[in-house]
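So the structure is just underneath, and the comments pick up after that.
Naming: A, B, ... by sequence-line order, numbering from 1 per chain.
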2 protein chains.
Amino acid sequence: MTESESATVDLEIIVQGAQEGKKLELRLWLRMLSTTKLISQEIRRRLRNEFGATLPQFDLMAQLYREREGLRLGELSKRTMVTNGNVTGLVERLETDGLVLRVTPDGDRRVTVAKLTAKGETLFSAMATAHEGWLRDMMADVDPEIVNELWRDIGLVKSSVSNHLSGADFD
Amino acid sequence: MTESESATVDLEIIVQGAQEGKKLELRLWLRMLSTTKLISQEIRRRLRNEFGATLPQFDLMAQLYREREGLRLGELSKRTMVTNGNVTGLVERLETDGLVLRVTPDGDRRVTVAKLTAKGETLFSAMATAHEGWLRDMMADVDPEIVNELWRDIGLVKSSVSNHLSGADFD
DNA sequence: GCCAAACCTTTGACATTTCAAATATCGCTC
DNA sequence: GAGCGATATTTGAAATGTCAAAGGTTTGGC
């Protein structure tokens, strides 16, 4: 029935020779990537089954939920880490579904501001509650202390990566 | 250098109220996700600029590089965590580029086996070397001890998640 | 006021992604 | 040896994703 046959897949197979103390970073990366994919797929499946929504839509609405006055599309693009062109279509579809509203402010006609509708706020609120529970469940076997450490240490990775990007990625 | 002001996008904004000891799992997830996106985008950019390849193509070739005799498409699908239908198109394009070969074994005509060509092996070998270096560079500021810990602890997360999937997904 | 540079969004071409349904083949039972 | 269920891949529709180029708008220098 499910399309994915058996899913404890292992992207990490690529490495295999890394246990000798070399390629630690590659090994970590592959495990991060496969774990993230696993969690994403689970969340996507549940969002779809229980709310008929997609993960990118959820991500976008999450940003708008925090900014009730709405956000410019460029700002949405930065916060969701999605390209401008992509945001255009995403917002378009959400507007069709009546979850998001698009407005052009008087001051600057280059700008489009997206904003959650009442319907959008209601839906997102429900999804967010469920979403948080799913994550708690999925990570139930992990000691909260470890969760905390991971949060802190992944922050170190994020900082390091941010400081070693090739493309000009600055504000 | 904290990532807060300089360009490092922040999916984590969704949380904000989590620092009080609640929603630890959500907070971790958002940081994992944003970090993974950041690294993925950097790798994608470099693969594109330096090799004219895409990340999914690289992932797929990585699996084939480890199995010189080739892999069935279903097996490729599992290992790359990509759906069957997706693998079809991916392999199709790689074959067009002369990097991969498709063969139907005599024994079972339902099956398609994909295999790297000599050209594919040469290209992947170069990409893999570069790829490993990129990761080492990006994580250069992180203590190797921490990298090791992260690898181990993310393994705990992965296990926990695997044991709490809704779809029947076991090996 | 004018114009060039900068800014914001959209568009278009293409690749990737999922899901569900369709195809094709194999294995087994009778 | 006909057919049924299981297996393996492909196909098709819709959404997401990147990138580059094109469209409007605004701004600043003159």
Side-chain angles (χ1 to χ4, degrees), chain A residues 1-7 36-38 40-49 52-61 70-78 80-97 99 102-114 167-169 171, chain B residues 36-38 40-49 52-61 70-78 80-97 99 102-114 167:
Chain A
M1 292 305 186
T2 52
E3 82 293 344
S4 49
E5 298 67 35
S6 57
T36 298
K37 274 194 185 181
L38 194 61
S40 288
Q41 284 171 354
E42 178 69 9
I43 293 177
R44 177 168 23 245
R45 180 176 359 191
R46 300 210 201 190
L47 278 176
R48 178 183 186 74
N49 291 344
T54 66
L55 187 47
Q57 285 170 357
F58 175 78
D59 284 347
L60 196 153
M61 291 175 74
L71 286 171
R72 293 157 28 156
L73 298 200
E75 187 59 26
L76 261 178
S77 169
K78 276 184 217 159
T80 55
M81 296 177 83
V82 149
T83 52
N84 279 336
N86 199 357
V87 167
T88 296
L90 232 22
V91 169
E92 217 165 64
R93 265 166 250 125
L94 286 170
E95 192 174 38
T96 301
D97 293 345
L99 300 170
R102 255 186 306 193
V103 185
T104 298
D106 294 341
D108 190 338
R109 289 220 300 281
R110 292 170 299 182
V111 172
T112 300
V113 170
D169 247 273
D171 275 336
Chain B
T36 299
K37 274 195 185 180
L38 193 61
S40 288
Q41 285 171 353
E42 178 69 9
I43 293 177
R44 177 172 17 250
R45 180 177 345 176
R46 299 211 202 188
L47 277 177
R48 176 181 187 77
N49 291 344
T54 67
L55 188 46
Q57 286 171 355
F58 176 77
D59 284 347
L60 196 154
M61 291 175 75
L71 286 170
R72 291 154 35 150
L73 298 199
E75 187 58 28
L76 261 178
S77 169
K78 276 184 215 161
T80 55
M81 296 177 84
V82 148
T83 51
N84 279 337
N86 199 358
V87 168
T88 296
L90 234 21
V91 168
E92 218 165 65
R93 265 165 250 125
L94 286 170
E95 192 175 38
T96 301
D97 293 346
L99 300 170
R102 254 186 308 192
V103 184
T104 298
D106 292 342
D108 190 338
R109 290 221 298 280
R110 292 172 299 182
V111 171
T112 301
V113 170

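Heavy-atom nearest nucleotides on DNA chain D were determined for A/Gly89 and for B/Asn49, and the one closer to the 5' end corresponds to A/Gly89.
Distance CZ (B/Arg44) to C1' (D/dG17): 7 Å, rounded to an integer number of Å. Across the protein-nucleic acid pair, B/Ile43 atom CD1 and D/dT18 atom C1' stand 16 Å apart, rounded to whole Å. One atom, CD of A/Gln57, and another, C1' of D/dA15, lie 8 Å apart when rounded to the nearest Å. As a whole-Å value, the separation of A/Leu55 CG from C/dT18 P is 12 Å. Atom NZ of B/Lys37 and atom P of C/dT17 are 14 Å apart (whole Å). Put simply, CZ on B/Arg109 is 14 Å from C1' on D/dA8, counting in whole angstrom units. A straight line from CZ of B/Arg45 to P of D/dG17 spans 17 Å, rounded to a whole angstrom. The nearest whole Å value for the distance from the CD atom in A/Gln41 to the C1' atom in D/dA15 is 16 Å.
Residues satisfying the side chain to side chain contact (heavy atoms under 4.5 Å, CB included) test with B/Arg44, not counting sequence neighbours, are B/Ser40, B/Gln41, B/Leu55. Checked against side chain to side chain contact (heavy atoms under 4.5 Å, CB included), A/Asp108 has the following partners two or more places apart in sequence or in another chain: A/Arg110, A/Val111. The salt bridge (Lys or Arg N to Asp or Glu O under 4.0 Å) test applied to A/Arg72 returns no partner, not counting sequence neighbours. Under the salt bridge (Lys or Arg N to Asp or Glu O under 4.0 Å) criterion, B/Arg102 pairs with B/Glu95, not counting sequence neighbours. In this structure, the salt bridge (Lys or Arg N to Asp or Glu O under 4.0 Å) partners of A/Glu75, at least two apart in sequence or on a different chain, are A/Arg79.
A distance of 9.0 Å separates CG of A/Leu90 from CG of A/Leu76, quoted to the nearest 0.5 Å.
Between C/dT17 and B/Thr83, no contact under 4.0 Å exists linking OP1 or OP2 to a side-chain N or O. Taking only side-chain nitrogens and oxygens, A/Arg48 never comes nearer than 4.0 Å to OP1 or OP2 of D/dA14. OP1 or OP2 of C/dT9 has not a single side-chain nitrogen or oxygen of A/Thr88 nearer than 4.0 Å.
Although no hydrogens or angles enter the test, the distance criterion places no donor-acceptor pair under 3.5 Å between the side chain of A/Lys37 and the main chain of B/Val82.
Across all strands shown, A/Thr54 has heavy atoms under 4.0 Å from sugar-phosphate atoms exclusively, and none from any base. B/Val87 comes within contact range of no nucleotide atom at all, as no heavy-atom separation falls under 4.0 Å. Nucleic acid contact for B/Leu90: sugar-phosphate only, since backbone atoms but no base atoms lie under 4.0 Å from a heavy atom of the residue.
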Please list each protein N or O that sits under 3.5 Å from an N or O in nucleotides 1-8 of chain C, with the distance.
residue	atom	partner	partner atom	Å
C/dC7	O2	A/Arg110	NH1	3.4
C/dC8	OP1	A/Arg72	NH2	2.7

